[in-house]
Asker: 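Can you read through this structure? Questions will come right after.
This is a predicted model, so every value here is computed, not measured. Every chain is numbered from 1, with letters handed out A, B, ... down the list of sequences.
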Number of protein chains: 2
Amino acid sequence: MRTDTVYKKAFNRAANMLRDGQLAGELPSENELRRRMCVSRTTVRKVLRELLNRELVTERHGLRATGRAVGDNDYYPDAETTPRAKHVEQQFMEWMLRGDTRPGTSINELELARQFGVATNGIREFLIRFSRFGLIEKRPNTGWLFKGFTEDFALELFEIRVMFELRSAQLFSLQPNSSPLWSKLAALKMAHADLLERIESRFHDFSGLDNRFHRLINEASPNRFIDDFYDIITFIFHYHYQWNKQDEKQRNLAAIHEHIAYIDALESRNSTRIEAACRAHLASARETLMRSLTGFDETSINA
Amino acid sequence: MRTDTVYKKAFNRAANMLRDGQLAGELPSENELRRRMCVSRTTVRKVLRELLNRELVTERHGLRATGRAVGDNDYYPDAETTPRAKHVEQQFMEWMLRGDTRPGTSINELELARQFGVATNGIREFLIRFSRFGLIEKRPNTGWLFKGFTEDFALELFEIRVMFELRSAQLFSLQPNSSPLWSKLAALKMAHADLLERIESRFHDFSGLDNRFHRLINEASPNRFIDDFYDIITFIFHYHYQWNKQDEKQRNLAAIHEHIAYIDALESRNSTRIEAACRAHLASARETLMRSLTGFDETSINA
DNA sequence: AAGTTGTTTTTTATGGATAAAGTTCATGCT
DNA sequence: AGCATGAACTTTATCCATAAAAAACAACTT
């Protein structure tokens with residue numbers, strides 16, 4: 001059966017809105033709510049029905065946000081607000097990056113399906129989607145081959161990344177002064193400076209910043225293939241670093257400084273400087289990944 | 001039910017082998033046949049059973065290729081040797097490139113499934129695979145958006161293609177003299193010259209040559225992401241030109257000359273010359289595509 | 001006429017079943 | 001022992017079913 005995660009997530013959002021007083025007084029129309037919560041009206045109505053049922057809102061001509069206060073246990077647990085497909089993704093990434101899955105292993109749809117508690121269909125769809133990341137390969141009628149999260153992979157990934165980023169950075173710097181992206185860039189520089197001050201406690205915030213930065217650079221001259229490639233990077237890094245937190249503060253600190261230098265270079269519009277700053281940053285990011293990769297391998301060999 | 005296209009294709013291959021006399025005398029062992037036909041022994045046995053049943057081979061202690069001659073109507077029709085998934089691909093590409101599907105159209109899995117006579121699952125798997133080509137985009141719970149086979153698409157595609165090809169061509173030229181790829185390149189040059197002589201009748205052969213050439217260039221310094229990207233190009237061009245044959249001979253002739261110049265440049269190992277030849281060829285390929293694209297659009301608008 | 005809510009229809013996400021194809025195990029033959 | 005065939009088992013490709021979510025339609029209300 002299809003999961004009702006959309007409803008549950010919407011319900012939680014609505015509960016939050018109630019709690020924050022965003023819905024004080026008479027409730028907005030179903031259409032208005034629909035727009036705010038980014039779901040269909042069908043789902044909004046289901047949420048409203050349940051809110052009423054739990055007496056979190058009351059009916060007096062129109063619906064009003066005058067029910068009892070929202071309690072912590074009114075919320076659906078997080079796990080129930082994530083669709084199956086996402087769970088498959090998470091479990092697969094853990095299986096791949098955590099387990100002792102060696103390059104060359106073959107992947108069995110049925111076995112994964114059993115292990116993750118989903119139908120084979122879901123596994124297969126995930127694998128098809130995942131295959132564009134260059135880590136697995138399909139052999140028809142037979143199954144999938146895991147090619148390994150290896151140094152080769154990282155090298156090839158970074159070779160492309162450098163090409164793309166150099167291209168985008170140069171094009172960014174050629175924008176007219178009037179472009180709104182310059183002020184976005186300035187804002188981002190401030191955000192970096194801010195984070196630098198709070199680095200001790202907030203160092204995890206860097207990854208969001210990193211993303212915004214690299215996506216901003218691509219915005220000046222969009223190319224769907226570059227965007228797609230950046231999705232790969234984001235995805236890989238997200239999961240890889242989720243399970244590999246060594247030196248996180250240290251390496252984020254270094255990266256912030258590199259970003260700032262990179263931003264300065266962009267603002268200078270000096271092509272040579274830009275190239276240098278861009279290369280420096282990416283070389284360092286690559287080193288970090290490679291180090292953690294080899295470290296990773298060794299620990300799993302010794303384990 | 002799963003199709004038996006693997007069996008039917010294997011059967012046809014076996015029939016061919018019989019006809020060619022490749023299996024004269026006592027038949028090889030099942031394992032040997034399995035290897036030659038690239039299928040499992042299970043499938044080989046099914047083929048053998050049917051060959052026997054149709055008296056195309058006879059049993060006298062061992063199986064012998066002494067049955068009646070293979071007739072033209074012993075073969076299964078081509079359509080039955082292609083798996084469903086491939087049919088979906090073909091029908092979808094036709095739907096997309098032939099029909100009047102405008103950019104911004106939304107794609108309905110169920111409707112396509114009905115139209116193509118397959119289950120929705122097959123459509124969905126195809127769309128997921130196809131999405132990496134940058135022509136469609138998924139919106140969760142809602143469907144797919146067709147972004148259009150537009151000029152933008154072609155421009156973005158070629159921007160990447162140029163970057164990748166320049167990179168690969170330069171790296172190719174840096175190979176040591178001892179590399180076997182040089183002789184492959186020379187062979188390819190010959191093949192081009194040959195084709196040039198027979199151009200009047202054999203001009204379709206160019207597309208195979210084109211593929212071999214560009215893949216050869218990538219071979220010198222492999223990168224899976226570049227290979228993947230080249231898959232996109234191959235795929236797109238395959239279908240696009242399949243339905244758009246205007247000037248085929250003319251443009252292939254031009255391309256052959258460009259390739260030869262390009263190969264000469266590579267052999268000269270002169271970086272500047274290589275870049276020029278490479279750019280010239282790709283610019284011309286891009287023009288061809290763009291021209292056919294706008295032509296395409298106009299006719300479908302006027303239709 | 002534009003915006004509400006109630007109802008019905010369509011479509012997507014997900015599970016399940018099964019024939020075909022692949023793989024492994026068992027037995028027998030040189 | 002090593003390879004051949006036969007039989008049993010496992011996995012993939014494919015279809016079908018259905019609850020959840022979205023979209024379309026209809027009837028009101030101001």
Side-chain angles (χ1 to χ4, degrees), chain A residues 1-10 27-35 37-49 61-63 83-88 106-114 116-128 138-144, chain B residues 1-10 26-34 37-49 61-63 83-88 106-114 116-128 138-144:
Chain A
M1 200 211 318
R2 186 176 177 167
T3 56
D4 57 357
T5 52
V6 172
Y7 153 70
K8 284 176 174 165
K9 190 174 241 161
L27 293 187
S29 81
E30 293 174 358
N31 264 319
E32 174 59 23
L33 284 170
R34 183 183 80 73
R35 240 164 280 136
M37 320 213 301
C38 302
V39 292
S40 74
R41 195 158 68 84
T42 308
T43 302
V44 166
R45 303 187 98 221
K46 197 169 169 185
V47 169
L48 288 174
R49 194 152 14 102
H61 309 111
L63 291 172
R84 267 315 128 73
K86 189 77 181 173
H87 279 138
V88 169
S106 70
I107 295 172
N108 183 313
E109 292 176 4
L110 197 56
E111 191 187 313
L112 287 183
R114 279 190 293 249
F116 299 173
V118 297
T120 50
N121 250 316
I123 299 290
R124 177 188 282 242
E125 283 178 15
F126 170 76
L127 292 175
I128 295 173
K138 183 162 174 53
R139 286 165 312 173
N141 301 314
T142 301
W144 299 80
Chain B
M1 200 210 319
R2 184 175 179 167
T3 56
D4 56 357
T5 52
V6 173
Y7 152 71
K8 283 177 174 164
K9 189 175 243 162
E26 186 154 351
L27 292 188
S29 80
E30 293 173 358
N31 263 319
E32 174 58 23
L33 283 171
R34 182 185 82 73
M37 319 215 299
C38 301
V39 293
S40 74
R41 195 158 67 84
T42 307
T43 302
V44 166
R45 302 185 98 220
K46 198 169 167 184
V47 169
L48 288 174
R49 193 148 20 97
H61 309 112
L63 291 172
R84 267 316 128 73
K86 189 76 181 173
H87 278 137
V88 170
S106 70
I107 295 171
N108 184 313
E109 293 177 4
L110 198 55
E111 191 188 313
L112 287 182
R114 278 190 295 248
F116 299 172
V118 298
T120 52
N121 248 315
I123 299 289
R124 177 188 283 243
E125 284 178 15
F126 170 76
L127 292 174
I128 296 174
K138 184 163 173 52
R139 285 164 313 172
N141 302 313
T142 300
W144 299 80

Asker: To the nearest Å, give me how far apart CG (L110(B)) and P (dA17(D)) are.
Answerer: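 About 13 Å, once rounded to whole Å.
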Asker: Looking only at side-chain atoms of A119(A), point me to the closest of dG22(C), dG15(C), dA19(C).
Answerer: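 Looking only at side-chain atoms, A119(A) lies closest to dG15(C).
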Asker: Without decimals, in angstroms, what is the distance between K138(B) NZ and dA22(D) P?
Answerer: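 Nearest whole value for this atom pair: 12 Å.
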Asker: Confirm from the modelled atom types if N121(A) and dG15(C) form a donor-acceptor pair under 3.5 Å, side chain to base only.
Answerer: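 When only heavy-atom distances are counted, N121(A) does reach the base of dG15(C) through a donor-acceptor pair under 3.5 Å.
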Asker: When all nucleic acid strands are considered with a 4.0 Å heavy-atom cut-off, which category describes T5(B): base, sugar-phosphate, or nothing?
Answerer: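 Result for T5(B) = sugar-phosphate.
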Asker: Measuring from T43(A):OG1 to K8(A):NZ, what's the distance to the nearest 0.5 Å?
Answerer: 13.0 Å
Asker: Using atom CG of L48(B) as one end and atom C1' of dG6(D) as the other, report the distance to the nearest whole Å.
Answerer: 13 Å
Asker: Is the shortest side-chain N/O distance from R114(B) to OP1 or OP2 of dT11(C) below 4.0 Å?
Answerer: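 Yes, such a contact exists.
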Asker: Indicate whether OP1 or OP2 belonging to dG3(C) is found under 4.0 Å from a side-chain N or O atom of S29(A).
Answerer: no
Asker: Please identify which of these residues, D4(A), V6(A), V39(A), meets the side chain to side chain contact (heavy atoms under 4.5 Å, CB included) condition with K46(A).
Answerer: D4(A)
Asker: Taking CE from M37(B) and P from dA21(C), how many angstroms apart are they, rounded to a whole number?
Answerer: 12 Å
Asker: Taking V44(B) as the fixed residue, which of L48(B), T42(B), V47(B) is the one that meets the side chain to side chain contact (heavy atoms under 4.5 Å, CB included) rule?
Answerer: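 Testing each of L48(B), T42(B), V47(B) against V44(B), the sole residue satisfying side chain to side chain contact (heavy atoms under 4.5 Å, CB included) is L48(B).
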Asker: Working to the nearest 0.5 Å, report the span between OG1 of T3(B) and NZ of K9(B).
Answerer: 10.5 Å
Asker: What integer distance in Å separates N141(B):CG from dA22(D):P?
Answerer: 5 Å
Asker: Please test N108(A) against R114(A) for side-chain hydrogen bond (donor to acceptor under 3.5 Å, both in side chains), starting from the C-alpha separation and ending with a verdict.
Answerer: CA-CA 10 Å; N108(A) 183 313; R114(A) 279 190 293 249; 5.5 Å; no
Asker: To the nearest 0.5 Å, what is the distance between CG (L112(A)) and CG (L127(A))?
Answerer: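 Answer rounded to 0.5 Å: 6.5 Å.
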Asker: Between dG16(C), dA19(D), dA13(D), which nucleotide gets closest to the side-chain atoms of R2(A)?
Answerer: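 Within the option list, the nearest is dA19(D).
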Asker: Before accepting this row, confirm whether a basic side-chain N of the pair R35(A)/E32(A) lies closer than 4.0 Å to the acidic partner's carboxylate O.
Answerer: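 Yes.
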Asker: What is the distance from atom OG1 of T120(B) to atom CD of E111(B), rounded to the nearest 0.5 Å?
Answerer: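 Atom-to-atom, T120(B):OG1 and E111(B):CD are 13.5 Å apart.
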Asker: For nucleotides 23-30 of chain C, tabulate all protein N/O to nucleotide N/O atom pairs closer than 3.5 Å, reporting atom names and distance.
Answerer:
unit_1	atom_1	unit_2	atom_2	d
dT23(C)	O4	T42(B)	OG1	2.7

Asker: With a 4.0 Å cutoff (strictly under), does any side-chain N or O of N108(B) reach OP1 or OP2 of dT12(C)?
Answerer: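 Checking dT12(C) against N108(B), a side-chain N or O does come within under 4.0 Å of OP1 or OP2.
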Asker: Is any side-chain N or O of R45(B) closer than 4.0 Å to OP1 or OP2 of dT5(D)?
Answerer: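 No, R45(B) has no side-chain N/O under 4.0 Å of OP1/OP2 on dT5(D).
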Asker: Could you check how far CG of L127(A) sits from P of dA13(D), rounded to whole Å?
Answerer: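 It is 11 Å, rounded to the nearest whole Å.
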Asker: Measure the CD1-CD distance between I128(B) and E125(A) for me, rounded to the nearest 0.5 Å.
Answerer: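 Answer rounded to 0.5 Å: 4.0 Å.
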Asker: Would R34(A) and E30(A) satisfy side chain to side chain contact (heavy atoms under 4.5 Å, CB included), going step by step from the backbone distance to the final call?
Answerer: CA-CA 6 Å; R34(A) 183 183 80 73; E30(A) 293 174 358; over 6 Å; no
Asker: N/O contacts under 3.5 Å, protein versus nucleotides 28-30 of chain D?
Answerer:
none

Asker: Among dG6(C), dA21(C), dT14(D), which nucleotide has an atom closest to any side-chain atom of Y7(B)?
Answerer: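 Nearest to the side chain of Y7(B) among the choices is dA21(C).
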Asker: Map G122(A) and P140(A) onto DNA chain C by nearest heavy atom, then report which one ends up closer to the 5' terminus.
Answerer: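 Mapping each residue to its closest nucleotide by heavy atoms, the 5'-most match is G122(A).
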Asker: What is the distance, to the nearest angstrom, from the CZ atom on F126(B) to the C1' atom on dA13(D)?
Answerer: 17 Å
Asker: Report the nucleotide, chosen from dG22(C), dA20(D), dT5(C), that has the shortest atom-to-atom distance to any side-chain atom of M1(A).
Answerer: dA20(D)
Asker: Which nucleotide sits closest to the side chain of N31(A): dA13(D), dT4(C), dT14(C)?
Answerer: dT4(C)
Asker: Under 4.0 Å between a side-chain N or O of T43(A) and OP1 or OP2 of dA21(D)?
Answerer: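 For T43(A), the contact criterion (side-chain N or O under 4.0 Å from OP1 or OP2 of dA21(D)) is not met.
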Asker: Taking only the side-chain heavy atoms of P83(B) (C-beta and beyond), determine which of dT14(D), dA21(C), dG15(C) contains the nearest atom.
Answerer: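 So the nucleotide nearest the side chain must be dT14(D).
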Asker: Nearest nucleotide by nearest heavy atom, which residue falls closer to the 5' end of DNA chain C, K8(B) or I107(B)?
Answerer: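 Per heavy-atom nearest nucleotide, the more 5' residue is I107(B).
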Asker: When rounded to the nearest 0.5 angstrom, what is the spacing between CZ in F116(B) and CZ in R84(B)?
Answerer: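 Answer rounded to 0.5 Å: 13.5 Å.
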Asker: Counting heavy atoms from C-beta on, name the nucleotide in dG22(C), dT14(C), dA21(D) closest to the side chain of D4(A).
Answerer: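 Comparing dG22(C), dT14(C), dA21(D) against the side chain of D4(A), the answer is dA21(D).
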Asker: Tell me: CD of E111(B) to P of dT10(C), nearest whole Å?
Answerer: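 For the pair E111(B) CD and dT10(C) P, the rounded distance is 12 Å.
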